[in-house]
2 protein chains.
Amino acid sequence: MARADIHEVAKAAGVSISTVSRAFTRPDMVSEKTRRKVLEAANRLEFTISRSAGSLKTGQANRVALLMNDTITSWFNVQVFAGLNATLRDEGYDIAVYDHIDTAETRREFFDTMPVRHNVDAVFVASIAIDPNEVGQLKSMHVPLIGINTSASDSLDASIRIDDEEGMFTATQHLIGLGHRRIVYVCSAAAVSLDASVDARGRGFIRACESAVEAGRDLDWQTITVPRGPEFIDSALAELLALDRFPDAICCQMDMLAIPLVTRLARYGHRVPQDYSIIGFDDMQNADWVNLTTMRQNPQDMGRDAAHKALALMRGETLDQPHEIIRPRLVLRGTDAPFPR
Amino acid sequence: MARADIHEVAKAAGVSISTVSRAFTRPDMVSEKTRRKVLEAANRLEFTISRSAGSLKTGQANRVALLMNDTITSWFNVQVFAGLNATLRDEGYDIAVYDHIDTAETRREFFDTMPVRHNVDAVFVASIAIDPNEVGQLKSMHVPLIGINTSASDSLDASIRIDDEEGMFTATQHLIGLGHRRIVYVCSAAAVSLDASVDARGRGFIRACESAVEAGRDLDWQTITVPRGPEFIDSALAELLALDRFPDAICCQMDMLAIPLVTRLARYGHRVPQDYSIIGFDDMQNADWVNLTTMRQNPQDMGRDAAHKALALMRGETLDQPHEIIRPRLVLRGTDAPFPR
DNA sequence: TTGAAAGCGGTACCAA
DNA sequence: TTGGTACCGCTTTCAA
């Protein structure tokens with residue numbers, strides 16, 4: 001059963017193919033009556049506009065590329081994807097997902113072959129730190145480049161990111177303000193040239209502690225860095241338990257670390273918030289499994305925003321605020337309390 | 001800077017456009033020497049084959065559609081997507097994600113407008129129960145239809161799903177085998193015509209209990225069903241705590257329910273496995289946050305498998321085993337123990 | 001192994 | 001508002 005083409009529909013509706021085309025892509029340029037006739041015929045013949053034919057003629061790919069570190073299954077990445085998809089899908093764009101663009105090889109492979117060159121209308125870069133050289137290569141595609149929690153935002157056409165450093169600074173200040181004295185920051189080691197966003201948080205912690213000390217506060221702070229990988233929670237746990245004195249407050253680089261830490265520490269008799277305070281970062285869905293106090297960011301909204309920026313750029317508009325920085329906000333739940341108790 | 005087209009490359013390489021085309025799409029039909037010449041010229045001119053032009057000519061959309069219940073951010077859905085993308089991306093296929101195809105309206109909207117008609121090479125249906133009428137509409141697209149944990153699998157061209165009922169039957173038997181007497185099954189209410197896969201689990205539980213009783217076992221079992229929604233964990237918790245006697249074993253419809261239950265119950269003094277055993281279903285990443293014993297399924301692998309089936313079908317091959325049913329397997333961790341203790 | 005030429009199915013300009 | 005028509009950029013016979 002060969003698919004009906006635009007000519008058959010035109011004939012069936014008694015109009016020209018131009019009119020059929022317009023009835024679909026520019027309904028307002030066709031009279032109500034004609035449009036109905038066309039749409040009815042099209043429907044009867046199971047006709048739909050061919051995207052590839054349209055793309056060929058207009059020169060628009062109707063596709064965007066999304067580059068991400070690591071796997072799309074991570075909390076942040078899939079939220080971003082959902083946000084992008086929610087707005088781009090309806091506008092007729094497909095999203096080609098290139099994940100695991102993090103190791104040296106996958107990066108080189110991608111940037112060398114540039115599989116999307118001339119075949120996408122925009123490129124989104126999420127949570128990977130790209131170097132100037134790579135930015136240059138992306139720019140050579142001559143399509144809008146939008147960053148989401150990416151370093152080098154300024155060299156892109158638009159970007160949106162949260163202020164990781166400021167966020168962790170605030171979180172730490174909160175703990176200090178509660179009266180805590182022995183604070184430790186737990187984080188996973190920075191991966192080379194990857195996800196620099198998350199690493200900025202450590203600087204926020206340090207800054208908050210240093211300025212508190214400078215202001216005369218009696219503070220005993222330190223950071224614990226554990227290697228990335230599936231065992232990072234156990235490593236962090238072990239290091240915490242090995243401390244001379246267990247801290248009275250823990251500041252976590254991310255909820256993904258904070259949540260399991262709370263449940264594991266409970267097994268070792270450390271109750272929260274009776275024995276210590278702990279604060280996370282991200283506010284992922286399951287933060288409330290342990291009633292975690294945390295800094296909230298909303299990557300799905302960031303995806304939506306990024307998509308809107310991209311749509312505007314693709315329409316040729318100029319953004320009056322291309323680069324946006326969001327402040328995460330503190331969500332107070334049950335894992336923090338004044339100290340000493 | 002106008003993009004170089006195939007003619008310029010042909011001229012630069014001193015060959016015809018046919019040869020340029022073949023150098024990209026059928027490298028083996030072009031002599032080594034010629035190919036290198038072409039590729040070099042193409043590279044220099046920043047030329048790449050246009051996907052839309054190719055699609056138009058070949059009649060292949062190089063796109064597939066993925067229909068999903070609810071949001072792509074759910075554990076199951078994003079794992080499936082990752083699996084599909086991992087194998088389809090390299091084969092040059094985009095995945096158009098249509099999520100939230102669950103409510104009556106979104107379903108009707110999708111099936112009425114059939115936004116992908118004639119514009120995809122295959123359709124995947126994940127975790128949504130589709131009715132015969134909808135299957136019919138999908139079939140009218142004349143492309144392979146692949147189900148992933150979907151009802152009505154048999155009416156599709158291929159499918160893969162886990163045996164939810166058998167899985168929960170096994171899980172329940174395990175608890176009974178440990179000696180447990182007072183077992184409760186906790187699940188969220190079935191949504192209308194959606195995600196029937198998960199609902200089959202309840203039947204497995206009941207079957208296991210009934211046959212144990214029939215075999216003379218002294219068993220006190222019941223099910224607790226809580227409404228879906230953000231509060232389903234609290235509801236389940238409340239119902240459990242309101243029981244005349246707290247059960248000695250809990251069987252959970254999914255990890256998403258089991259994990260937070262373990263941490264919440266701890267606050268009420270119910271320790272696992274000292275006081276009760278609990279078993280989950282899915283084995284999502286964070287099951288080990290509470291060291292959960294659970295039934296494992298691997299939706300990412302299912303995505304991969306589904307993708308391979310689709311690729312074969314798109315090549316026109318016939319599958320000798322189009323419909324696959326996977327048995328989840330029991331992963332023993334720390335939340336189960338013989339009873340009485 | 002390579003080249004010539006005829007489309008693939010629309011879009012959009014131009015004219016009516 | 002509608003129709004005629006020249007492409008869009010590549011793939012693929014067919015012949016050389």
Side-chain angles (χ1 to χ4, degrees), chain A residues 1-39 41-42 45-63 92 115-121 141-142 316, chain B residues 1-39 41-42 45-63 92 115-121 142:
Chain A
M1 176 205 296
R3 105 160 253 243
D5 72 353
I6 201 169
H7 292 98
E8 305 186 39
V9 177
K11 192 173 339 154
V15 297
S16 73
I17 61 168
S18 319
T19 302
V20 175
S21 174
R22 282 189 286 253
F24 280 91
T25 48
R26 269 148 179 54
D28 43 300
M29 289 182 66
V30 174
S31 77
E32 173 67 26
K33 207 174 98 237
T34 313
R35 188 183 347 142
R36 248 208 309 282
K37 240 179 8 195
V38 172
L39 261 29
L45 298 173
E46 294 194 348
F47 169 85
T48 334
I49 288 296
S50 151
R51 285 171 57 99
S52 25
S55 287
L56 174 56
K57 182 61 191 180
T58 61
Q60 305 242 240
N62 291 314
R63 278 167 91 236
V116 293
R117 179 185 288 286
H118 296 305
N119 283 305
V120 295
D121 303 320
M141 298 180 53
H142 306 295
Chain B
M1 179 206 295
R3 109 160 248 243
D5 73 350
I6 202 170
H7 291 98
E8 306 186 37
V9 176
K11 191 173 340 154
V15 298
S16 73
I17 61 166
S18 323
T19 302
V20 175
S21 173
R22 282 190 285 252
F24 279 93
T25 48
R26 270 148 179 53
D28 42 301
M29 288 182 65
V30 173
S31 77
E32 174 65 24
K33 207 174 99 238
T34 312
R35 189 184 344 143
R36 249 209 308 280
K37 238 176 15 194
V38 171
L39 262 30
L45 298 173
E46 295 194 347
F47 170 85
T48 333
I49 288 295
S50 150
R51 285 172 58 101
S52 23
S55 287
L56 173 57
K57 184 62 193 182
T58 61
Q60 305 240 241
N62 292 314
R63 276 168 91 236
V116 293
R117 178 184 288 287
H118 294 306
N119 283 304
V120 296
D121 303 319
H142 307 295

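Quick note: numbers below take in every heavy atom, side chains included, and nothing from hydrogens, waters or symmetry partners. Computed from a predicted model, the values in this text were never measured in an experiment. Letters A, B, ... are given to chains in the order of the sequence lines, protein chains preceding strands, and every chain is numbered from 1.
- Minimum atom distance to the side chain of B:Ile17 is reached by C:dA5, of the listed C:dG10, C:dA5, C:dT2.
- Distances from the side chain of A:Arg22 to the nucleotides D:dT13, D:dG3, D:dT1 place D:dG3 closest.
- With rounding to the nearest 0.5 angstrom, the OG atom of A:Ser31 is 11.0 Å from the CZ atom of A:Arg22.
- Taking atom CZ of residue A:Arg36 and atom C1' of nucleotide D:dT1, one finds them 16 Å apart after rounding to whole Å.
- Between the side chain of B:Arg51 and the base of D:dG9, no donor-acceptor pair of N or O atoms lies under 3.5 Å.
- Phosphate contact (OP1/OP2 of C:dG9, side-chain N/O of A:Ser21, threshold under 4.0 Å): absent.
- Between B:Leu56 atom CG and D:dC7 atom P there is a gap of 17 Å when expressed in whole angstrom units.
- A side-chain donor-acceptor contact under 3.5 Å links A:Ser55 to the backbone of A:Gln60.
- Look at A:Lys11 and A:Glu8 and you find no salt bridge, because none of the NZ, NE, NH1 or NH2 atoms lies under 4.0 Å from a carboxylate O.
- Atom C1' of nucleotide D:dC10 and atom CG of B:Asp5 are separated by 10 Å, given to the nearest angstrom.
- The 5' end of DNA chain C is approached more closely, in terms of each residue's nearest nucleotide, by B:Lys57 than by the other of B:Lys57 and A:Phe24.
- Counting to the nearest Å, the P atom of C:dG9 and the CD atom of B:Gln60 are 13 Å from each other.
- In terms of phosphate contacts, B:Ser18 brings no side-chain nitrogen or oxygen within less than 4.0 Å of OP1 or OP2 of C:dT2.
- Closest contact between the side chain of A:Thr58 and the listed nucleotides D:dT1, D:dT11, C:dT11 involves C:dT11.
- Comparing B:Ser52 and B:Met29 against DNA chain D, the residue whose closest nucleotide sits nearer the 5' end is B:Ser52.
- Using a 4.0 Å heavy-atom criterion, one finds that A:Val15 contacts the sugar-phosphate atoms exclusively.
- Atom CD of B:Glu8 is separated from atom P of D:dC10 by 10 Å (rounded to the nearest Å).
- Closest non-hydrogen pair, B:Ser16 versus B:Ala10, comes out as C-CB, 3.7 Å.
- When the P atom of D:dT2 is taken as reference, atom CD of A:Glu32 falls 11 Å away, rounded to whole Å.
- Judged by distance alone, the side chain of A:His118 and the main-chain N or O of B:Glu46 form a donor-acceptor pair under 3.5 Å.
- Annotation: of the two residues near DNA chain C, B:Thr34 and B:Ala53, the 5′-most nearest-nucleotide partner is B:Thr34.
- Put simply, the side chain of B:Arg51 gets close to the backbone of B:Gly92: a donor and an acceptor are under 3.5 Å apart.
- B:Ile6 has its CD1 atom 16 Å from the C1' atom of D:dC7, to the nearest Å.
- When rounded to the nearest whole Å, the span between CD1 of A:Ile49 and P of C:dG10 equals 5 Å.
- B:Thr25 comes within 4.0 angstrom of the backbone, heavy atoms only, and of no base.
- Using a 4.0 Å heavy-atom cutoff across all strands shown, A:Val20 reaches no nucleic acid atom at all.
- At the phosphate of D:dG3, OP1 or OP2 sits under 4.0 Å from a side-chain N or O atom of A:Thr19.
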